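Remarks on the structure that follows.
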Amino acid sequence: MIKIVKKRFYHVFGAGRHRYFQDDFNWETYTRDKYGPQQETLERELDLHLDDQARFDPETQSLQTGNLKIHPNFHVVYETIGRLNPTSVLEIGCGGGDHVRNLQHLYPSMNVHGCDRSTGQIQFLKDRNPSIADVVSQRDITMPLSKNWATADLVFSQAVLMHIKTAVSHLVALSNMFHLANDAVVLMENYGCHPFVDDIRSLHAEGQIPWDNVHFHQASYQGSPYCLVATREPCALPELQDYFALPSATKIRYKTEAAA
């Protein structure tokens, strides 16, 4: 009975509702227990550090990767950033720093920096990617917004907010991301973990997002909707037509129907 009640709390969604679940991980031990071993597994299958084979082609507006094996999530984030062409980029939950390092390699004229809440992750980054240590800060995006936090034209997360499930923590994180973003927020997440578009709309309606308007777009991978992009002004990316076309987003529909 308790499990059923907990599930029903989770299935009800909307920015005004609490989710009574713990985060997916203990962030203090995440590097040791999950992230470190995961990186070792990925490195046996994928190229996590880009080399000179990788380049963004401004004519085709596409990321060219040569013989490199790039995870689709990473590919679409890097390509989307190239298409939006911001002056500055901030990664939320930068972990070991591969994305910050790769974006610096792809777009040397951009000011790319990152943040992470975990001391273990920051130390892991310093060991793994020491060249970017000076552009990364320790910051908990689920805490109240600080005037000391640097802003950027584009703020993104890659598989971060999907793991934040304690009460309204992911909503605080979303609101903070929009406060820190001058022009665009890119979310490469499991879209079945939270109803991100509904949450953003609710936060905006409640005055928790400082933009006058939020425009929803999609970035594709191999012709299919794959990544959620929110912009302050309309942009050249296709408008988001159907949230449930994004990867795993149908889980939200199932959870909602099950809770009804």
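Keep in mind that this is a model prediction, so the values were computed, not measured.
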**OP:** Measure from the side-chain N and O atoms of Y243 to the backbone N and O of Y191, and report whether any donor-acceptor pair falls under 3.5 Å.
**Re:** yes

Original post:
How about S157 and E91: do any of their side-chain heavy atoms sit closer than 4.5 Å?
Top reply: no

**OP:** For S224 and Q222, run side-chain hydrogen bond (donor to acceptor under 3.5 Å, both in side chains): C-alpha distance rounded to whole Å, both residues' side-chain angles, the deciding distance at 0.1 Å, then the answer.
**Re:** CA-CA 6 Å; S224 298; Q222 296 184 344; over 6 Å; no

Original post:
Hey, does L187 have a side-chain heavy atom less than 4.5 Å from the side chain of L174?
Top reply: yes

**OP:** Determine whether H217 and C235 make a side-chain contact, defined as any pair of heavy atoms from C-beta on separated by less than 4.5 Å.
**Re:** yes

Subject >> Heavy-atom side-chain proximity of L103 to F156 below 4.5 angstrom >> reply: yes

Subject >> Q121 versus T119, side-chain donor and acceptor atoms under 3.5 Å >> reply: no

Subject >> Whether N129 side chain and L125 backbone form a donor-acceptor pair below 3.5 Å >> reply: no

Original post:
Are a donor atom and an acceptor atom from the side chains of D127 and Q123 found within less than 3.5 Å of each other?
Top reply: yes

Original post:
Taking the side chain as C-beta and beyond, is there a heavy-atom pair between T65 and H75 under 4.5 Å?
Top reply: yes

Original post:
For H105 and D51, does a side-chain donor sit closer than 3.5 Å to a side-chain acceptor?
Top reply: no

Original post:
Can you tell if the side chain of E189 reaches within under 4.5 Å of the side chain of V160, non-hydrogen atoms only?
Top reply: yes

**OP:** Taking the side chain as every heavy atom from C-beta outward, state whether V77 and H99 have any pair of such atoms under 4.5 Å apart.
**Re:** no

Subject >> Linked, directly or transitively: Y226 and L46 (ILVMFWY side chains, under 4.5 Å) >> reply: yes

Subject >> Check: Y78 main-chain N/O paired with Y107 side-chain donor or acceptor under 3.5 Å >> reply: yes

Original post:
Does atom CD of E239 have more than 12 heavy-atom neighbours from other groups under 6.0 Å away?
Top reply: no

Original post:
Around N67, counting heavy atoms of other residues, nucleotides and ligands shown, do more than 12 lie under 6.0 Å from its CG?
Top reply: no

Subject >> Closest non-hydrogen atom pair between R128 and G96, with its separation >> reply: CD-O, 3.9 Å

**OP:** State whether a side-chain donor-acceptor pair under 3.5 Å links Q158 with N73.
**Re:** yes

**OP:** With the side chain counted from C-beta on, respond yes when V89 and I81 share a heavy-atom pair under 4.5 Å apart, and no when they do not.
**Re:** yes

Original post:
Are the side chain of Q138 and the backbone of D116 linked by a donor-acceptor contact shorter than 3.5 Å?
Top reply: no

Original post:
So, K69 and E43, do they make that salt bridge, N to O below 4.0 Å?
Top reply: no

**OP:** Scan side-chain atoms only and decide if D199 and H194 contain a donor-acceptor pair under the 3.5 Å cut-off.
**Re:** no

**OP:** Report whether L145 and V155 are members of the same hydrophobic cluster (ILVMFWY, side-chain heavy atoms less than 4.5 Å apart, transitive linking).
**Re:** yes

**OP:** First locate atom OG1 of T151, then atom CG of N182, and finally report the distance between them rounded to the nearest 0.5 Å.
**Re:** 4.5 Å

Subject >> Backbone N/O of L203 and side chain of E206: donor-acceptor pair under 3.5 Å >> reply: no

Subject >> Under-4.0 Å salt bridge between D212 and R232 >> reply: no

**OP:** Among I141, I92, L171, find the residue that satisfies the side-chain contact (heavy atoms from CB on, under 4.5 Å) test when tested with N176.
**Re:** I141

Original post:
Do the two ring centres, one from H204 and one from F178, sit under 6.0 Å apart?
Top reply: no

Original post:
With no hydrogens and no angle check, is any side-chain donor or acceptor of Q218 less than 3.5 Å from a backbone partner on C227?
Top reply: no

Original post:
Do any N or O atoms from the side chain of S88 and from the backbone of D153 form a donor-acceptor pair under 3.5 angstrom?
Top reply: yes

**OP:** Tell me, with the steps shown, if D140 and T142 meet side-chain hydrogen bond (donor to acceptor under 3.5 Å, both in side chains).
**Re:** CA-CA 5 Å; D140 186 347; T142 67; 2.6 Å; yes

